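Nothing here was measured: the structure is a model prediction, and the numbers come from that model. Chain naming here is simple, since letters A, B, ... match the order of the sequence lines and numbering starts at 1 in each.
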Number of protein chains: 2
Amino acid sequence: MALEHAILISLSERAASGLELTRRFDKSIGFFWSATHQQIYRVLARMEKDGWITSTVVAQQGRPDKKVYVFSADGHAALAQWLAEPTPNSPLRSELALKMRGASNADHREAVLDVVRTNLADHQTRLGFYEQLCKQDYPAPDSLSGRELDQYLVLRGGIRMEQGWIEWLTEYLAAHESRTTSKDTA
Amino acid sequence: MALEHAILISLSERAASGLELTRRFDKSIGFFWSATHQQIYRVLARMEKDGWITSTVVAQQGRPDKKVYVFSADGHAALAQWLAEPTPNSPLRSELALKMRGASNADHREAVLDVVRTNLADHQTRLGFYEQLCKQDYPAPDSLSGRELDQYLVLRGGIRMEQGWIEWLTEYLAAHESRTTSKDTA
DNA sequence: CGACGCATGTAACCTGTTACATGATTGG
DNA sequence: CCAATCATGTAACAGGTTACATGCGTCG
């Protein structure tokens, strides 16, 4: 039940409508907690029913009305309680690791190597994106504090994770390429 | 739909009953793809219905009968196809990162720091466990090949991921401890 | 008018989690 | 006989995904 709390955190930074929240989940918060608009609308309805948030219909120029949500005292309390709760470390869940394990059982070696290469390239792209974001938005990390410091540190985590993946997949490919079969040299 | 394929991979290494598969998912394969026995039985039933696997009831001494599954030609084909498919990189999904982002909005700083410290300790424990496993089971990595090599490389991934987490959380704590408020020195 | 973007939803489905149910056999 | 272990399930629910539905307003 973390989506409720993700929404509370986002609303605590600034009030928003369902669609605006969806857009935020495509960006910063979405880098470590994604959600579709269907999920968000569903949870917003439940949260309002539970009294965590309240909505106001806001008319717009040249656009349909939107429902802007703000969070209530109850929502604030719920968030505070959740923040203090221990969070179990989510175990690694990787289809790619599964495929690595499956590759040894038959002649699927090359197919899996290709999959790994594709994913490695994707991780490298994402790392580059994160690093650029980091350099642009936080040129002087040592002087950060408050919300900006936390946002920076979370981004650092994304960078470290991507680096970990890249190192792992690189090691995987190197190990298999150094044991190349004769087929490859033909 | 990766659980089916995880089971196929496990069955391809050795035929097994539902409970035996469950035990394997508590160990090696479970390090990157966990599953409960309820899930496994449900999926085994579907896979048998689809003709991916076949079962034989095996009588045992001093124990109830068990249903041992082996995978069929169809199962082999399904696995081969899946292995060659691209696998989207599963995005990071971290409640802990969410809490880091939430900590800046009110006076929840200390509570979240405690949660982070707990999780850091847990990652350190798991890293130690993985490293011991690695040293024990694969003392000479350079000479590995085939299935053992793949198992080793997957374990290396687990180690790298844990290291990444430890570095990240350490950086997080250091950043916040170096900006300690007067409260802490009182 | 028709296509597109904004904005809010519904419905069906799949996966995974939690709790419970059943029966056999061994050991105390 | 009772508890524990082995072994196989059922049922109910929560969360996430995918596809579809609806209505308004602007722009071409």
Side-chain angles (χ1 to χ4, degrees), chain A residues 1-8 11 15-26 29-30 32-50 53-69 82 87-95 98, chain B residues 1-8 11 15-26 29-30 32-50 53-69 82 87-95 98:
Chain A
M1 301 227 256
L3 182 53
E4 280 95 332
H5 302 98
I7 289 175
L8 282 179
L11 286 181
S17 69
L19 199 60
E20 283 160 2
L21 282 168
T22 302
R23 291 213 195 87
R24 289 186 203 168
F25 277 84
D26 285 337
I29 288 191
F32 51 91
W33 204 274
S34 62
T36 60
H37 82 271
Q38 292 92 336
Q39 250 182 298
I40 288 170
Y41 282 118
R42 188 208 277 160
V43 170
L44 281 173
R46 182 168 68 219
M47 289 168 76
E48 188 169 23
K49 199 192 66 187
D50 292 345
I53 54 175
T54 56
S55 67
T56 321
V57 174
V58 173
Q60 301 182 100
Q61 295 183 334
R63 290 178 181 184
D65 295 355
K66 63 178 179 179
K67 271 162 82 176
V68 173
Y69 292 92
W82 179 78
T87 291
N89 280 327
S90 47
L92 177 62
R93 202 141 224 263
S94 167
E95 261 189 45
L98 221 47
Chain B
M1 300 227 255
L3 181 53
E4 280 94 332
H5 302 98
I7 289 176
L8 282 179
L11 286 181
S17 69
L19 199 61
E20 284 160 1
L21 282 168
T22 303
R23 291 212 194 88
R24 288 186 203 168
F25 277 85
D26 284 338
I29 287 190
F32 51 90
W33 203 273
S34 62
T36 61
H37 82 271
Q38 291 91 337
Q39 249 182 299
I40 289 169
Y41 282 119
R42 188 207 277 160
V43 171
L44 280 173
R46 181 169 67 219
M47 289 168 78
E48 188 170 22
K49 198 194 66 186
D50 292 346
I53 54 176
T54 57
S55 68
T56 323
V57 174
V58 173
Q60 301 183 103
Q61 296 182 331
R63 290 181 181 182
D65 295 354
K66 63 179 181 180
K67 272 162 80 176
V68 173
Y69 292 92
W82 180 76
T87 291
N89 280 327
S90 48
L92 178 61
R93 199 142 227 259
S94 167
E95 260 189 48
L98 222 46

Here the distance between atom P of D:dT8 and atom CG of B:Leu21, to the nearest Å, is 9 Å
Within residues 37-49 of chain B, the residues having a heavy atom closer than 4.0 Å to DNA chain C are B:Gln38, B:Gln39, B:Arg42, B:Arg46
Output yes when a side-chain donor or acceptor of B:Arg24 lies under 3.5 Å from a complementary backbone atom of B:Ile29, and no otherwise. no
Of the listed D:dG9, D:dC6, C:dA7, the closest approach to the A:Lys66 side chain comes from C:dA7
> Looking at A:Thr36, does any N or O in its side chain come under 4.0 Å of the phosphate oxygens OP1/OP2 on D:dG16?
Replying inline: no
note: B:Leu19, atom CG; C:dT22, atom P; distance rounded to Å ~ 20 Å
Margin query: Check this one for me: any side-chain N or O of B:Lys67 less than 4.0 Å away from OP1 or OP2 of D:dG9?
Written below: yes
Heavy atoms of B:Ala6 and B:Trp33 approach each other most closely as CB-CD1, 4.5 Å
#### Entry: Min side-chain heavy-atom separation B:Thr87-A:Leu98 under 4.5 Å
no
Rounded to whole Å, the CG-P distance (A:Asp65 to C:dG9) equals 12 Å
In the structure I gave you, are the side-chain heavy atoms of B:Ile7 and B:Phe25 within less than 4.5 Å of one another anywhere?
yes
Does B:Glu48 reach the main-chain N or O of B:Ala45 with its side chain, forming a donor-acceptor pair under 3.5 Å? no
Is A:Ser34 reaching over with its side chain to a backbone N or O of A:Gly30, donor-acceptor style, under 3.5 angstrom? no
Notebook entry, point to check: Do A:Leu3 and A:Gln39 have side chains that get closer than 4.5 Å, going by heavy atoms?
Noted result: yes
Here the distance between atom P of D:dC6 and atom CG of B:Asp26, to the nearest Å, is 12 Å
B:Arg23 side chain near D:dA7 phosphate (N/O to OP1/OP2, under 4.0 Å) | yes
Contacts of A:Glu4 meeting salt bridge (Lys or Arg N to Asp or Glu O under 4.0 Å) (sequence neighbours excluded), chain-then-number -> A:Arg46
The answer to which of A:Arg63 and A:Trp33 contacts DNA chain D further toward the 5' end, by nearest nucleotide, is A:Trp33
A:Arg93 CZ to C:dT15 C1', in whole Å, measures 9 Å
Whole-Å distance, A:His5 NE2 to D:dA14 P, equals 15 Å
To the nearest 0.5 Å, atom NZ of A:Lys67 lies from atom OG1 of A:Thr54 at 11.5 Å
The helix from C:dC1-D:dG28 to C:dG28-D:dC1: angle between terminal helix axes, five bp per end, to the nearest 10 degrees, reads 0°
B:Leu3 atom CG is separated from C:dT17 atom C1', nearest whole Å, by 13 Å
